[in-house]
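Naming convention: chains lettered A, B, ... in sequence-line order (proteins, then strands); numbering from 1 in each chain. Atoms considered below: every heavy atom in the structure, side chains included; atoms not considered: hydrogens, waters and symmetry mates.
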Amino acid sequence: MMMQSCLRECVYVRIREEGRLGIAIMFVFAIIGFLISLYNFFIPYGPISYTSGAELVIVTTLTIALLSLLLYFILETSTSFERFCFLIFIIGLLLGTLFAAYLLESHLLFIALFGVLIGWFIQVFTRRVDQ
Amino acid sequence: MKFILNSVFIIFIVFFTLTCFADSVTWPTFNGDLQAQKYTALTQITPQNVKNLKVAWTLHTGDYSNGRGEIPATAWSATPIFVNNTIYVSTPFARIFALEPDTGKIKWIFDSRSPLKAETQSDLKSRGVAYWEAQPIIPGEPCQKRVYLGTVDGKLFSVDADTGKMCKDFGVEGMLDVNQWNNHKELWPLSLLQPPTVYKNMLFLGWAGKDFWSAVDPQGSVFALDARTGKLIWTFYPIPAHMIARTGTANVWASMSIDTEKDILYLPVSSPSPNIWGGFRLDPMPLVTSVTALDLHTGNVIWSRQLVHHDLWDYDTNSAPTLVNIKKEGKIIPALVQTTKQGYLFILNRYTGEPIYPIVEKPVPPSNAIGEVAAKTQPTVPYPLPTNADVWPGVFKLADWTSFGYCSKTFAKLKYQGRFTPPSTEGTVVYPFSNGGIEWGGGAVDPNNQIFVVNSSDGIEIYKLIPRAHYNFLQLKAGKKGLGPDFYPMLGAPYGFEKTVFLNPIGMPCWNPPFGHISAYALDTGKLLWRRPFGQVQRWGFYMPESWGSPTIGGPVITASGLIFIGASMDSRVRAYDLKTGQLLWKANVQAPAYSIPAVYEYKGKQYVAFTAGGNPFVGPRVGDQLIAFALPD
């Protein structure tokens, strides 16, 4: 109980107040997307297993996750232009990966990436509490 | 008393037999039956419940290769057959698997130990096995039921269907060397990729070769053999005797069909060599590139109809004609439907060869190649509507844009004057290309509703004749690695030959989609009932839109409940369509494209649909070794 409460107070509230909620959502869903992509690639006899397309989305979902993580840590220290560039790069990558997931007919991956997209919108259209 | 005992014994035997086999419906041949109808009377799976189909069992044979190692790539197109309460299927490694029909459990495996060399083909191939049983069966005697397997190096094996052991009375110790009848053994062997056609105590056997190799190739032939001993009964040669020093092939590499009422054997006879230049074979050869009816006891020709005159496009007749009685204007006409690479449905009276729907001889462009004289006209079938249009589909703008105008610029340099434009040195656009139109899977027919269903591809190739001196120079330049799979020497002819699919540099087709269709025709009126893009292109795992369709290899099967089952698509999926509307009702993923004809059978009261999913490197890199059966849940 104490632990749950601490998690909520210490992590969630802090993330939200520091304006990192969107980034956190992006990261979590990108990791989920990455895991789904790995599953799609390695499952024996799957419809897209061992294909270049499945390989591509492994790389792009991992890249999105890493960029989100990086953005999380440099949010305080970076300039607004740098943050803008990061977010633009991520959305470009994300839209490309969404299209790839659509063409791969991987519905789970598509949903996960949609979660990343929601995170991106939250990050872009919400302001930090102290601002 | 003895009479009564005998009667009781006979009644017991009959009752026992009926009990054992009443709940099994077989799929005993490559095409389901000798008429090549690809039709089953089974009705358990219906348009209403087909969405509930589940995998009943699956088997991985282990016999496949992507060609990256020492073993050539595999192209597995076998129809599994169900007979003798067993599933029999052969693999591209020339092995036979005998399986339990309800579980896929292996009963026995026969290994022919055939060398894993593609010989005449680009890949290791197999289209399945054939089955024969003695009438009557002598209990306790071996080899009363047999399975036949052909190999790429011209060997035909006869194996006991119950034990998987070779039948020693066939050929030499169970193996017949068909290559003994090859008149040009030094070039290449007669490859037995298609299972023989079995009727009564006879086997009818054609073979495959490589007819781009040289001007004078092995002479085309069909052998009738004794099913027990392999003894040659008769041989049919489509090429006139005086021409065999100048040409070859015109073989029968696809399946055949049989009219069991009149004992007529129908052959789809392929084109003569070299396929793309015919300057040495200008004399009439009426039996080549034809559908030909033979007296199956003597091999004598009853009638023959040439479907391409002086073929220059590799438009082999490539599938067994489907035999069906057509009810037209109050009469029943004994008919056959011969599908072709050109996309035509030649519908003929199967006893006379006369067309039921008109065949029109159309003027076609002349050839400018050295020594070549193209035919002035070619047979066309305007109705029923061909599966492929008379003019090519035009430049695909997306492919053109993504290659900075490559497709349109290339097309402008090529020769194209419509169907049957002869090959040329500048490069000729060939549509439909040499893989069809309609491939070896042919069509399926619902004989009761008179509906004929066929899948077809819309593909374009560029044929380029390369003058001999230049071809030799290119070969020299290429050195040990060779010119690659798109080049064919046509040795002895004044030209070599290059054949490429018309793709842009990033591999997109330069012609407008759809790339494949499935169509249904009413045979009594010739009317096209429906046509839909079929399958999906899958490249690098990405599925292209359904409206683009897919190139297709393999064939459909129709059930009496009004379903069409088909693999045949590039996207490693198998599908079921509504026969009446063409609506897609069900699809499932399989390991690799199911470029084959499915088998539909019933065992212990349960209906199964079985597909081999083996792929074909010609269409895409994905190959497999999966035999998969679907059924409704218990």
For this session: Using non-hydrogen atoms and a 4.5 Å limit, figure out which bit of B/Q626 sits close to chain A: side chain, backbone, both or neither.
Result: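 Interface part for B/Q626: neither.
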For this session: Below 4.5 Å from any heavy atom of chain A, which atoms of B/R622 appear? Answer side chain, backbone, both or neither.
Result: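 Looking at B/R622, just its side chain touches chain A.
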For this session: Enter the distance from A/L104:CG to B/Y543:OH here, rounded to the nearest 0.5 Å.
Result: 8.5 Å
For this session: Please name the pair of heavy atoms, one in A/G53 and one in B/F542, separated by the smallest distance, quoted to 0.1 Å.
Result: CA-CZ, 3.5 Å
Problem set entry | Within 6.0 Å of CZ in A/F114, more than 12 heavy atoms from elsewhere | no
Problem set entry | Side chain / backbone / both / neither for A/S49 at chain B, heavy atoms under 4.5 Å |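 Both the backbone and the side chain of A/S49 come within 4.5 Å of chain B.
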Exercise. Is it the side chain or the backbone of A/A101 that comes within 4.5 Å of chain B heavy atoms, both, or neither?
Worked result: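 No part of A/A101 comes within 4.5 Å of chain B.
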